[in-house]
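Predicted model only: the values in this text are computed from it and were never measured.
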Amino acid sequence: MTDARKDWWRSATIYQVYIRSFADGNGDGEGDITGLRGKLPYLRDLGIDAIWINPWYPSPLNDGGYDVADYRDIDPRFGDLTQATQLISEAHDLGLKVILDIVPNHSSWDHEWFKAALESAPGSPERARYIFRDGAGPNGDQPPNNWRSVFGGPAWERVTEPDGSPGQWYFHIFDVSQPDLDWNNPEVREEFLGVLRFWFDLGVDGFRIDVAHGMVKDMTKPDLPYDESGLLNSPSIADHPFFDRDGVHDIYRGWREIANAYDPPRLFVAEAWVEPPERLARYVRDDELHSAFNFDYLKSAWNADALRQTIEQSMEVLHAVGAPATWVLENHDVERVVTRYGREVTAAPRGHNRLVLGESDRALGRRRARAAALLMLTLPGGAYIYQGQELGLPEVLDLPEDALQDPVWERSGRTERGRDGCRVPLPWTTSGPSAGFGDNGSWLPQPAGWEELSVEAQQGDPESVLELYRSALRIRREEPAFESEALTWNQDIGADVLAFEREPGFMCVVNIGSESVKLPVHTEILLASSPLSEDGLLPADTAVWLRP
């Protein structure tokens, strides 16, 4: 049965399932609930504590499911509510928690509310659920202001009124098919409280909140600097009109009351692109959300000083409000770490910016990614693993242009390829259609040689990335040191080395420099990301777990 501890999430390892690309159970080329149910034993054996499932709601999939048409149902592509309930029960029986995505900032334009808004007159209650405004200029022909979409282009779209005349404009931070909801409207707030209760009553253990720093807007603000108005995180814009406004915290205090009414209490995880870390800490105060993705860590370069600073600052500001830190290297929106760490520039771009930063050395990237995995899984707090990360999958950089489906591709004028390269369906076997993903191909084409990175190819190979993760997660569960939320740095080994101890009796040493280093005094080597040199030195781009 699942862990009954109310604070299980403080040190949990959570596995992200991008369901469309995980496993195809019905042979239509897209992942689904049937496929996921069949792989639950694999996830249990990997050693994780919970799965987080990206949106599986009815959707036209204009933005990979983050354009939700119905928050209380399952898209037929993926299954139905009966199958979802069975999945939740089976996961619990295997000791796995289930976390869903919730997308409160916007709906799909296929949502019944937005359809009703288009059929209604300006000023109607139906339009008041969204952000409609009259246009600028003599005939309202211009957008209300110059605010930009995160995906490129204006953040405003003009509608045709029911009588056929040019009409008002609606606001969309993301794709034109994702109109923003107006969270000043009490009806919107009450609707989402009902959505939370619906899924919690079905047994869901928590929610990851998409764009948690959005929702509340100040539509009276003036034009913004063109190049920065649409950024997910915008450190140079104070008092941003639609990101990280104080009003979001009132919403989350109400959500926390709902979560606390269940036994055990349900969990909330924030996706909040917020800077500096002190701003992020406000989301995880004890009466709001439980934890938040650590994007500063995800974006950090493979550099000892940068990583140490991020770790120290994250732990300091989050522990000040009683929240655990979280650590993440990959997700469905960023370039896979094997590819990124194989580049000269290893820091991740901001937000959805996917500009290619140069050639990538895959062997170097995989070596660094292995070391980074041991570092991440040693740090106090929670950790997130994106599907395929445990296989060492690289970013697929050469998808055919006619296969690209991310809206970033079209809205950028086909200058940014978007995020499809990290969403290519997983390889499970060394042979067969789509490397075992399903019986009839995959919705994004898999590259040549994908089967060589499959679960079947890596299973039982002590040198594989998969077995490294399995070993690390087993030790993470067994070692008492991982129950604490503190670490002690050892800065005597070298400037390019991260070394720290966790009590009782555990040490992590990561060599991020270019030269081998001598290990500190120890009694046992528990695990190493790559072999040590013959003389026992720790090579470059290698991590080791030690018993002091």
Side-chain angles (χ1 to χ4, degrees), residues 55 57-63 65-73 102-195 198 210-211 214-224 229-230 240-243 245 247-248 250-251 254 407 410-411:
Y57 314 106
S59 167
L61 294 183
N62 289 322
D63 183 23
Y66 284 90
D67 46 326
V68 179
D70 185 345
Y71 290 88
R72 291 179 172 85
D73 205 353
I102 191 167
V103 190
N105 178 74
H106 50 266
S107 75
S108 166
W109 60 9
D110 284 357
H111 194 286
E112 61 179 14
W113 273 11
F114 194 69
K115 291 179 179 179
L118 294 181
E119 295 170 355
S120 303
S124 64
E126 290 81 5
R127 289 208 175 175
R129 297 164 174 160
Y130 294 89
I131 301 173
F132 279 85
R133 294 293 185 271
D134 293 333
N139 300 311
D141 294 336
Q142 299 299 316
N145 57 37
N146 78 335
W147 295 355
R148 306 285 293 174
S149 163
V150 168
F151 290 164
W156 295 95
E157 183 73 10
R158 197 173 195 184
V159 304
T160 300
E161 299 297 351
D163 64 3
S165 63
Q168 289 186 304
W169 299 70
Y170 68 86
F171 183 68
H172 59 94
I173 293 178
F174 296 94
D175 189 56
V176 65
S177 65
Q178 297 166 288
D180 280 43
L181 292 154
D182 188 346
W183 276 83
N184 291 319
N185 187 330
E187 185 180 6
V188 172
R189 297 194 178 212
E190 189 60 35
E191 167 65 10
F192 275 87
L193 294 179
V195 170
F198 175 84
D210 185 62
V211 197
M215 299 147 73
V216 173
K217 284 91 176 175
D218 183 350
M219 306 308 295
T220 68
K221 293 289 185 180
D223 288 352
L224 289 170
S229 63
H240 197 286
F242 51 85
F243 285 140
R245 301 202 62 79
V248 297
D250 292 331
I251 296 170
E410 293 294 341
R411 290 190 64 82

**Message:** Looking at every non-hydrogen atom in both residues, tell me the closest pair between Trp169 and Asp134 and how far apart they are.
**Reply:** CD1-C, 4.2 Å

**Request:** Anything under 30° is parallel, anything over 60° is perpendicular, the rest tilted; go ahead and classify Phe242 against Trp147.
**Result:** tilted

**Message:** salt bridge (Lys or Arg N to Asp or Glu O under 4.0 Å), that's the test. Do Glu126 and Lys115 meet it? Break it down for me.
**Reply:** CA-CA 9 Å; Glu126 290 81 5; Lys115 291 179 179 179; over 6 Å; no

**Message:** With rounding to the nearest 0.5 angstrom, report the OH to OG distance, Tyr57 to Ser107.
**Reply:** 13.5 Å

**Asked** Side chain of Asp223, backbone of Asn146: donor and acceptor closer than 3.5 Å?
**Response** yes

**Request:** Kindly indicate, with the supporting measurements, whether the criterion side chain to side chain contact (heavy atoms under 4.5 Å, CB included) is fulfilled by Phe132 and Val159.
**Result:** CA-CA 10 Å; Phe132 279 85; Val159 304; 4.1 Å; yes

**Prompt:** Which heavy-atom pair separates Arg72 from Val195 by the least distance, and what is that distance?
**Reply:** NH2-N, 3.5 Å

**Prompt:** Looking only at heavy atoms, which two atoms of Ser108 and Pro179 are closest? And how far apart?
**Reply:** C-CD, 3.9 Å

**Prompt:** Are Leu181 and Trp113 close enough that some pair of their side-chain heavy atoms sits under 4.5 Å apart?
**Reply:** yes

**Request:** Please state whether the rings of His172 and Tyr170 are parallel, tilted or perpendicular, taking 30° and 60° as the class boundaries.
**Result:** tilted

**Request:** Please answer whether the main-chain N or O of Arg129 pairs with a side-chain N or O of Glu187 as donor and acceptor at a distance below 3.5 Å.
**Result:** no

**Request:** Determine whether the side chains of Trp156 and Asn145 contain a donor N or O and an acceptor N or O closer than 3.5 Å.
**Result:** yes

**Item:** Plane angle bin for Phe174 and His106 - parallel if under 30°, tilted between 30 and 60°, otherwise perpendicular
**Value:** tilted

**Message:** To check you understand the geometry: which heavy-atom pair defines the closest contact between Leu224 and Pro241, and what is its length?
**Reply:** CD1-CG, 3.6 Å

**Straight-line distance of Met215 CE to Trp183 CH2, nearest 0.5 Å** = 4.0 Å

**Item:** Nearest heavy atoms of Asn62 and Ser177, plus distance in Å
**Value:** CB-OG, 3.3 Å

**Prompt:** Any donor-acceptor pair under 3.5 Å linking the side chain of Asp180 with the backbone of Ile173?
**Reply:** yes

**Request:** Inspect the contact between Arg127 and Glu161 and indicate whether a charged nitrogen and a carboxylate oxygen are less than 4.0 angstrom apart.
**Result:** yes

**Message:** Would you compute the distance between atom NE2 of His111 and atom OG of Ser59 and round it to the nearest 0.5 angstrom?
**Reply:** 11.5 Å

**Prompt:** Looking at Asp67, Asp175, Val176, which hits side chain to side chain contact (heavy atoms under 4.5 Å, CB included) with Trp109?
**Reply:** Val176

**Phe171/Arg133 under side chain to side chain contact (heavy atoms under 4.5 Å, CB included): CA gap, chis, key distance, verdict** = CA-CA 8 Å; Phe171 183 68; Arg133 294 293 185 271; over 6 Å; no

**Message:** For a quick test of reading the model, state the closest non-hydrogen atom pair linking Gly65 to Pro55 and the distance between them.
**Reply:** O-CB, 3.2 Å

**is_close_aromatic(Phe192, Tyr71), centroid dist under 6.0 Å** = yes

**Request:** Mind running salt bridge (Lys or Arg N to Asp or Glu O under 4.0 Å) on Asp182 and Lys217 for me, showing each step along the way?
**Result:** CA-CA 8 Å; Asp182 188 346; Lys217 284 91 176 175; over 6 Å; no

**Asked** Ignoring hydrogens and geometry, is there a side-chain-to-backbone donor-acceptor pair from Asp110 to Ala69 under 3.5 Å?
**Response** no

